[in-house]
**Student:** 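Quick one: structure below, then a few questions.
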Number of protein chains: 2
Amino acid sequence: MNDSSSTHHRLGDLQLRILKVLWSVPEASVADVHGRLQSTQPLAYTTVATLLRRMEARGLVAHREQGRSFVYRATVEASEVGASLGHRMVEQVFEGSLTDAVSHLLRTRDVRREELDALEKLIREAKRRTR
Amino acid sequence: MNDSSSTHHRLGDLQLRILKVLWSVPEASVADVHGRLQSTQPLAYTTVATLLRRMEARGLVAHREQGRSFVYRATVEASEVGASLGHRMVEQVFEGSLTDAVSHLLRTRDVRREELDALEKLIREAKRRTR
DNA sequence: ACACATTTATGACAGTTGTAGTACTACAAC
DNA sequence: GTTGTAGTACTACAACTGTCATAAATGTGT
């Protein structure tokens with residue numbers, strides 16, 4: 001497959017939250033990211049700037065210069081990062097059993113009816129593909 | 001619900017692997033844990049001992065003394081830790097959509113037919129419960 | 001008693017993460 | 001041109017993680 005799991009081997013919470021912002025828009029300046037995060041948690045501007053620079057060094061984001069400011073974009077996809085976390089959860093915690101993992105998700109998350117319908121459809125499709 | 005997410009806020013890889021061992025048996029001495037891990041990765045005995053002691057300080061494991069050696073057991077359940085990882089994955093990466101998260105799991109994991117059947121059953125049960 | 005093995009306790013160190021203060025740079029307005 | 005202002009770069013630091021080496025304690029065998 002790829003070495004995605006090695007690149008974002010261990011992502012901290014703030015880094016994940018920053019990525020989350022960057023996944024929701026095509027690009028964002030430091031001020032933009034800071035503003036978005038600020039709404040949930042007070043953070044110094046420089047904290048965000050520092051994290052973004054460190055994350056760029058690790059290849060998680062990239063920037064272009066617009067005037068005197070940097071405009072960042074994510075260079076990893078949510079699905080890649082999700083794969084890491086999902087793999088970790090399924091393999092390490094649930095001994096490789098996807099069923100157990102999903103079962104747990106269902107039990108601990110209070111899912112709405114439409115979600116269940118969507119999931120059912122999803123699985124039927126997967127079955128069709130596997131047949 | 002509870003504050004489980006605060007206790008094992010950020011678990012490192014080795015800690016997770018140690019817990020995995022401790023989840024697979026009722027209890028295990030340091031040597032046992034070390035032996036199990038040794039098979040996949042060369043590790044100094046003291047590394048494991050140190051980690052276990054640190055983990056006990058954080059309430060992740062506990063020990064009793066048997067003669068001169070410590071016998072550890074996990075004090076958190078796999079499902080608790082799975083909840084953290086699952087929550088993190090679903091909320092932060094997949095914007096709260098369990099469907100997207102599971103969909104991703106299905107696509108990236110090459111699931112066997114029986115797993116799909118089990119999942120389908122799981123969802124039907126969840127539906128019945130919600131009705 | 002003495003050497004050897006087993007096991008826990010401490011101390012150390014490098015790398016990462018969150019956090020932010022300080023410093024430097026460049027433009028904007030007067 | 002001096003003064004804000006906004007932005008990046010650098011430095012620092014505490015907490016945590018993985019990693020051990022070394023020390024200290026407590027057996028075991030002969």
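So that the names make sense, note that chain A is the first sequence line, chain B the second, and so on, each numbered from 1. Predicted model, so just to flag it, every value in this text is computed and none were measured.
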**Student:** Rounded to whole angstroms, how far apart are CZ on Arg53(A) and C1' on dT17(C)?
**Tutor:**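 Atom CZ in Arg53(A) sits about 15 Å away from atom C1' in dT17(C).
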**Student:** Give the residues of residues 64-72 of chain A touching DNA chain D, defined as any heavy atom closer than 4.0 Å, sorted by residue number.
**Tutor:** Arg68(A), Ser69(A), Phe70(A)
**Student:** Measure CG/Asp13(B) against P/dC16(D) and give the value in whole Å, please.
**Tutor:**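 One finds 18 Å between P of dC16(D) and CG of Asp13(B), rounded.
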**Student:** Leu52(B) CG to dT19(D) C1': how many Å, rounded?
**Tutor:**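 Result: 14 Å.
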**Student:** Measure the distance from CZ on Arg17(B) to C1' on dT19(D) and round it to the nearest whole Å.
**Tutor:** 13 Å
**Student:** So, Arg107(A) versus Ser103(A): side-chain donor-acceptor pair below 3.5 Å or not?
**Tutor:** yes
**Student:** Applying ring-ring contact (aromatic ring centres under 6.0 Å, His included) as the test, list every pair that has at least one member in residues 26-51 of chain A; sequence neighbours left out.
**Tutor:**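 Sorted pair list: His34(A)-Tyr45(A).
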**Student:** Considering the options Val111(A), Asp110(A), Leu116(A), which one meets the side chain to side chain contact (heavy atoms under 4.5 Å, CB included) requirement together with Thr130(B)?
**Tutor:**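 Result: among Val111(A), Asp110(A), Leu116(A), Leu116(A) is the only option passing the side chain to side chain contact (heavy atoms under 4.5 Å, CB included) with Thr130(B).
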**Student:** How close or far is atom P of dT19(D) from atom CD of Gln15(B), stated in whole angstroms?
**Tutor:**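 The answer, rounded to whole Å, is 11 Å.
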**Student:** Would you indicate, yes or no, if dT17(D) has its OP1 or OP2 atom less than 4.0 angstrom from a side-chain nitrogen or oxygen of Arg54(B)?
**Tutor:**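 For dT17(D), neither OP1 nor OP2 has a side-chain N or O of Arg54(B) closer than 4.0 Å.
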**Student:** Quick one: list whatever passes side chain to side chain donor-acceptor pair (under 3.5 Å) with Arg64(B), sequence neighbours left out.
**Tutor:** Glu27(B)
**Student:** So which atom in Ala83(B) and which in His104(A) form the shortest heavy-atom distance, rounded to 0.1 Å?
**Tutor:** N-NE2, 3.4 Å
**Student:** Given side chains that start at C-beta, do those of Thr75(B) and Glu56(B) come closer than 4.5 Å, heavy atoms only?
**Tutor:** no
**Student:** Between Asp32(B) and Ser29(B), does any side-chain donor sit less than 3.5 Å from a side-chain acceptor?
**Tutor:**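 Result is yes, a qualifying pair exists.
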**Student:** Rounding to an integer number of Å, can you tell me how far Arg10(B) CZ sits from dT19(C) P?
**Tutor:**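 Checked: the CZ to P distance equals 11 Å.
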**Student:** Between residues 40-51 of chain A and DNA chain D, which residues have a heavy-atom gap below 4.0 Å?
**Tutor:**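 The stretch gives Tyr45(A), Thr46(A), Thr50(A) as the residues lying under 4.0 Å from the strand, ordered by number.
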**Student:** Please convert DNA chain C into dot-bracket. A pair counts if it is Watson-Crick or G-U wobble with both distances under 3.5 Å; crossing pairs go in [ ] and bases paired with another strand get |.
**Tutor:** ||||||||||||||||||||||||||||||
**Student:** Using modelled atom types only, decide if a donor and an acceptor are shared between the side chain of Glu120(B) and the backbone of Glu120(A) within a distance under 3.5 Å.
**Tutor:** no
**Student:** What is the distance, rounded to the nearest whole Å, between atom CE of Met55(B) and atom P of dA15(D)?
**Tutor:**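 Taking atom P of dA15(D) as the reference, CE of Met55(B) is at 21 Å.
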**Student:** Rounding to a whole Å, what distance do you find between Leu19(A):CG and dT17(C):P?
**Tutor:** 12 Å
**Student:** Could you report the tightest heavy-atom contact between Trp23(B) and Val76(B), atom names first, then the distance?
**Tutor:** NE1-O, 3.0 Å
**Student:** Is the closest side-chain heavy-atom distance between Leu22(B) and Leu52(B) below 4.5 Å?
**Tutor:**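 Of all side-chain heavy-atom pairs linking Leu52(B) with Leu22(B), at least one is under 4.5 Å.
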**Student:** Identify, with sequence neighbours excluded, every residue that meets side chain to side chain donor-acceptor pair (under 3.5 Å) alongside Glu65(B).
**Tutor:** none
